[in-house]
Structure formats: structure tokens, C-alpha cells
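On a predicted model such as this, the values are computed, not experimentally measured, just so you know.
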Amino acid sequence: MFIVFFRTIIIYFIIIICLRIMGKRQLGELQPSEFVIAILISNIATLSIEDTDVPLLGAIVPIITLMSSEVILSYITLRSSKVQTMVTGNPVIVIRDGKIDQKSMRNLRFSIEDLMSQLRINGVFDIREVAWAIVETNGKLTVYQKFASRPLTPDTLFTSPTSESDTPPMVIISDGVVL
């Protein structure tokens with residue numbers, strides 16, 4: 001019984017260290033590759049804790065290997081936009097000027113119910129109030145409301161509406177490189 005206890009404590013601390021090295025993200029913000037790594041690490045940890053016949057090193061080595069692979073992949077995706085797009089994908093516009101892009105919705109396998117739920121979470125209850133809605137690479141919806149539909153703030157009280165652009169804001173310079 002003490003063997004299982006000590007194995008559990010050792011594996012626990014190793015996983016905490018590995019997760020700290022991999023970065024601070026919440027479960028809902030994980031990219032697909034990070035999510036797969038988290039599942040694999042949990043399975044490896046479970047097997048090594050439950051089966052005392054499996055050497056502890058037989059769990060530690062794969063966990064550290066997976067963590068190292070994720071750190072290396074993260075480093076490569078920071079340096080290469082092509083690899084980043086391949087691993088994480090691109091954000092997808094699902095609403096343009098109050099109109100739903102059905103093709104994008106089908107490609108994402110995103111239902112109207114999912115869209116409406118995400119809009120409500122963002123405080124929007126009418127699609128016509130949305131200038132842009134973008135499904136981010138982590139699955140969350142970012143909503144940019146039309147000027148007339150935005151909540152009134154002291155900053156917007158005495159300003160006139162700017163023209164709604166044809167495209168949402170985009171990154172022009174990334175890590176010192178003009179895109």
C-alpha cells in the first residue's frame with residue numbers, strides 16, 4: 001500500500017513540474033496537440049500508479065518525453081507560421097456584418113445552437129448586432145459588435161461611429177517580422 005502511495009506522490013510531482021514547464025493554460029484554452037499530450041500523460045500516470053509491476057522509470061521517461069516533445073513543438077510553432085497553422089489552424093470568421101457564413105459553419109461542424117450559445121456568453125442576443133464573430137483556434141468565439149450595439153462607456157459617449165471595416169483587425173507585424 002505504501003508503494004502505491006509513494007509512486008502516486010512521485011508521479012504527481014513529476015506531472016506538476018512537466019505541466020509548469022509546458023506553460024500555463026486552462027483546459028478550455030488548450031490547442032489540440034496540448035490536449036492530446038494531457039490525455040496521454042494522464043493515461044501513463046494512471047497505468048504506473050495502478051500496476052506496481054511496471055517500473056516507475058517506465059512512466060517517468062514517457063511523461064518527460066511527451067513534455068519535451070510539446071515544448072519543442074511549441075518552440076517550432078513560435079518560429080514558423082506555417083508550422084503554427086498546420087498544428088493549431090487558423091481563426092475562422094462565422095459572422096460577417098450580421099450574416100452567418102454557412103460554409104464556414106459547416107466546415108467547423110459548428111451548429112447554430114453552438115453559435116447562439118457562444119453569442120449569449122459574449123452578451124449578444126441578436127446576430128444582426130454583430131460586425132464580426134470569429135471562432136478562434138481553441139474553439140472560443142470572439143465577437144466584435146457593431147458600433148450602435150456596443151454598450152455605452154465614457155469613451156464612446158461623445159465619439160462618432162467609425163466605419164465598419166470590410167475585414168477584422170489583423171496582425172501586421174509578428175515578432176519583428178512584417179507579414
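The nearest pair of heavy atoms linking Gln84 to Thr77 is CB-O, 3.5 Å. When all heavy atoms of Val124 and Gln145 are compared, the closest pair comes out as CG2-NE2, 3.6 Å. For Phe110 against Gln118, the heavy-atom pair with the smallest separation is CZ-CG, 4.2 Å. Considering all non-hydrogen atoms of both residues, Thr52 and Arg7 come closest at O-NH1, 3.8 Å. Across every non-hydrogen atom of Ile93 and Ser104, the tightest pair is O-OG, 3.3 Å.
For CD1 of Ile39, the number of neighbouring non-hydrogen atoms (other residues, nucleotides, ligands) closer than 6.0 Å is greater than 12.
Under the 3.5 Å distance criterion, the side-chain polar atoms of Ser80 are left unmatched by any main-chain donor or acceptor of Ile76.
A side-chain donor-acceptor contact under 3.5 Å links Ser74 and Glu70. In summary, the side chains of Asp114 and Ser111 do present a donor paired with an acceptor at a separation below 3.5 Å, with no hydrogens or angles considered.
Rounding to the nearest 0.5 angstrom, the gap separating the CD1 atom in Ile60 from the CD1 atom in Ile15 is 10.0 Å. The line from CH2 of Trp132 to CG of Asp97 is 8.0 Å long, rounded to the nearest 0.5 Å. Note that CD1 of Ile63 is 11.5 Å distant from OG of Ser68, once rounded to the nearest 0.5 Å. Atom CE of residue Met67 and atom CD1 of residue Ile72 lie 9.0 Å apart, to the nearest 0.5 angstrom. Atom CD1 of Ile64 and atom OG of Ser69 lie 11.5 Å apart (nearest 0.5 Å). How far CD1 of Ile37 is from CG of Leu73: 8.0 Å, rounded to the nearest 0.5 Å.
In summary, of the residues considered (Thr142, Val130, Leu141), a side-chain contact (heavy atoms from CB on, under 4.5 Å) with Asn122 occurs for Leu141 alone. Checking Ile10, Ile44, Val54, Ile11 one by one against Ile49, the side-chain contact (heavy atoms from CB on, under 4.5 Å) holds for a single residue, Ile11.
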* Asked: Could you walk me through whether Leu115 and Ile100 pass the side-chain contact (heavy atoms from CB on, under 4.5 Å) check?
  -> CA-CA 10 Å; Leu115 179 64; Ile100 298 174; 3.9 Å; yes

* **Check against side-chain contact (heavy atoms from CB on, under 4.5 Å), Val143 and Leu119** => CA-CA 7 Å; Val143 178; Leu119 285 172; 3.7 Å; yes

* Take Met116 and Ile127 through the side-chain contact (heavy atoms from CB on, under 4.5 Å) test and state the conclusion after the steps. => CA-CA 8 Å; Met116 292 307 297; Ile127 293 174; 3.6 Å; yes

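Between Glu50 and Val4, every side-chain heavy-atom pair lies at or beyond the 4.5 Å cut-off.
Criterion: ILVMFWY side-chain heavy atoms under 4.5 Å apart, direct or through other members. Under it, Ile3 and Phe13 are not part of a common hydrophobic cluster. Under a hydrophobic-cluster definition in which Ile, Leu, Val, Met, Phe, Trp and Tyr are linked whenever side-chain heavy atoms come within less than 4.5 Å, directly or via other members, Ile17 and Leu40 are assigned to the same cluster. If you chain together hydrophobic residues whose side chains sit under 4.5 Å apart, Met105 and Val92 fall into the same group. Cluster annotation: Val135 is connected to Ile112 through the hydrophobic network of ILVMFWY side chains, with a link wherever side-chain heavy atoms come within less than 4.5 Å. Follow the hydrophobic side-chain contacts under 4.5 Å out from Tyr12 and you reach Phe5 in the same cluster.
Look at Asp126 and Arg128 and you find a salt bridge, because one of the NZ, NE, NH1 or NH2 atoms lies within 4.0 Å of a carboxylate O, short of that distance.
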